[in-house]
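Dropping the structure in here first, questions after.
In what follows, every chain begins at residue 1, and chains take the letters A, B, ... in the order their sequences are listed.
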Amino acid sequence: MRLAVATWNINSVRLRIRQVARLLSRHAPDLLCLQETKCPDERFPRAEFEQLGYPHIALHGQKGWHGVAVVSKHPFADVARHRFCDYNDARHVAVTLERAAGLAKALTLHNFYVPAGGDEPDPETNVKFAHKLAFLDELASYPATRAAKAGSHALLVGDLNVAPLEHDVWSHRQLLDVVSHTPIECEKLRHAQRAGGWRDVMRAFVPEPAKLYTWWSYRAPDWKKADKGRRLDHIWASPALAGAATKMTIARETRSWQQPSDHVPVIATFEI
DNA sequence: ATGACCGACCATGTCGGA
């Protein structure tokens, strides 16, 4: 079967529900993972997703900020939410699709919103950066987020808030001291990827040294002209599933829509 | 300076994003 999975930091799901609908009608992924829903679970726009053909919804939200969600055409056999770093700050939700969904194997999907980390890349003076580093360490050691589990497929997607490779940013040299591309974050993210046995699906389609971005600052007067982007959003897959990937799309067009999110969707398709 | 912004909230400024 064909399975398409999308991830998008929507920066308020209530504000941009029409844009989500437009993306779903245009790309029709089987599952959509959202970050920064900024929405308590009881105010999540469920009815809109049901109408769009996504009646299966897993939420981990809270009032005002952060928050993640998975909406799906297929039912979930299980939903899990993990509190990283002992904070209850709505940064993770996982769903499992059973073989009943048409899959030869069960599939577990983790959806993450990794802490941004504040301005100053010093864990001694910036508690937000210390939190981000601790979160990445926990991601590397958390057994549930290991890809290599016999007999099942796994995906780890989301806004990981790190652009780990040299060509994941517009200027490697100029961003070495900028949170999201400092060497310690990049190393910790790459370590988590290795430790979990994950494959980078996006870079399998667009290897370095090609530039690859999913985020452009709101502050640039003309984001497309400046093109000072970063690859903060990621799709990782377990090895067998990565080998079954047939397509990867960065839906850049959404960045030009009216009142856009500063992140754009990433969509991966698998033939399994 | 990449940066001239953007969203939620018991709002009219503050916090967080990155």
Scan A/N9 against the nucleic acid and name what it touches under 4.0 Å (heavy atoms): base, sugar-phosphate only, or nothing.
->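 Counting heavy atoms under 4.0 Å across all strands, the contact made by A/N9 is with sugar-phosphate only.
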
Side chain to side chain donor-acceptor pair (under 3.5 Å) evaluation trace for A/T96 with A/D78 | CA-CA 5 Å; A/T96 302; A/D78 193 30; 4.6 Å; no

Determine, for A/D41 against A/K63, whether the closest basic-nitrogen to carboxylate-oxygen distance falls under 4.0 angstrom.
->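 So A/D41 does not pair with A/K63 through a salt bridge.
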
A/L24 side chain reached by A/E48 side chain, heavy atoms, under 4.5 Å |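 Result no, sub-4.5 Å side-chain heavy-atom pair not found.
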
Using the C1' atom on both, measure B/dA8 against B/dA4 and round to a whole Å.
->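 Taking atom C1' in both B/dA8 and B/dA4, they lie 23 Å apart.
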
Whole angstrom is fine here: how far is it from CZ in A/F135 over to P in B/dA18?
->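 Distance, rounded to whole Å: 13 Å.
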
Taking only the side-chain nitrogens and oxygens of A/H66, find out if one of them lies under 4.0 Å from OP1 or OP2 of B/dA8.
->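 Indeed not, no polar side-chain atom of A/H66 lies that close.
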
Take atom P in B/dC10 and the same atom in B/dC15, then report the distance between them in whole Å.
->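 Rounded to whole Å, the distance is 15 Å.
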
Inter-nucleotide C1' distance (B/dG3, B/dG17), Å rounded |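 It works out to 13 Å between them.
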
Under-4.0 Å side-chain N/O to phosphate OP1/OP2 contact, A/H263 with B/dA18 |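 Yes, because at least one side-chain N or O of A/H263 sits under 4.0 Å from OP1 or OP2 of B/dA18.
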
What nitrogen or oxygen pairs link the protein and nucleotides 1-7 of chain B at under 3.5 Å?
unit_1	atom_1	unit_2	atom_2	d
B/dT2	N3	A/R230	NH2	3.0
B/dT2	O4	A/R230	NH2	3.3
B/dG3	N3	A/R219	NH1	3.4
B/dC5	O4'	A/Y218	O	3.3
B/dC5	N4	A/R219	NH2	2.2
B/dG7	OP1	A/R16	NH1	3.3
B/dG7	OP1	A/Q259	NE2	3.3

Count the heavy atoms belonging to other residues, nucleotides or ligands that lie under 6.0 Å from CH2 of A/W216, then report whether that count exceeds 12.
->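 Yes, the 6.0 Å shell around CH2 holds more than 12 heavy atoms from other groups.
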
Honestly, is A/R199 close enough over A/W236, meaning NZ or CZ under 6.0 Å from the six-membered ring centre and within 45° of the axis?
->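 Negative - A/R199 is either too far from the ring of A/W236 or too far off its axis.
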
Would you indicate, yes or no, if B/dA18 has its OP1 or OP2 atom less than 4.0 angstrom from a side-chain nitrogen or oxygen of A/Y113?
->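 For B/dA18, OP1/OP2 do have a side-chain N/O of A/Y113 under 4.0 Å.
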
Rounded off to whole Å, could you give me the CG-to-P distance for the A/D233 and B/dG17 pair?
->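 Computing the A/D233:CG to B/dG17:P distance gives 15 Å.
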
Span that lies between the P atom of B/dC6 and that of B/dA18, in whole angstrom =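 Comparing P positions in B/dA18 and B/dC6 gives a spacing of 15 Å.
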
Any A/K128 side-chain N or O less than 4.0 Å from OP1/OP2 of B/dA18 =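 So the side-chain polar atoms of A/K128 never come under 4.0 Å of the phosphate oxygens OP1 or OP2 of B/dA18.
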
Taking atom P in both B/dG7 and B/dA1, compute the distance separating them and give it to the nearest angstrom.
->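 The answer is 28 Å between these two P atoms.
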
Compare side-chain N and O positions of A/R91 against OP1 and OP2 of B/dG17 and report whether any pair is under 4.0 Å apart.
->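 The answer is yes; a side-chain N or O of A/R91 sits under 4.0 Å from OP1 or OP2.
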
N-O pairing of A/K188 and A/E185 below 4.0 Å =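 No.
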
Hey, does A/D89 reach any base, or is it just sugar-phosphate, or nothing, if we go heavy atoms under 4.0 Å?
->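 Here A/D89 touches no strand at all.
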
Please figure out whether A/V13 or A/V179 has its closest DNA chain B nucleotide nearer the 5' end.
->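 Its nucleotide being nearer the 5' end, the pick is A/V13.
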
Once you round it to whole Å, what is the distance between C1' of B/dG16 and CG of A/D159?
->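 Distance check: A/D159 CG to B/dG16 C1' gives 13 Å.
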
Do A/H172 and A/H181 have ring centres separated by under 6.0 Å?
->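 A/H172 vs A/H181: aromatic centres under 6.0 Å.
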
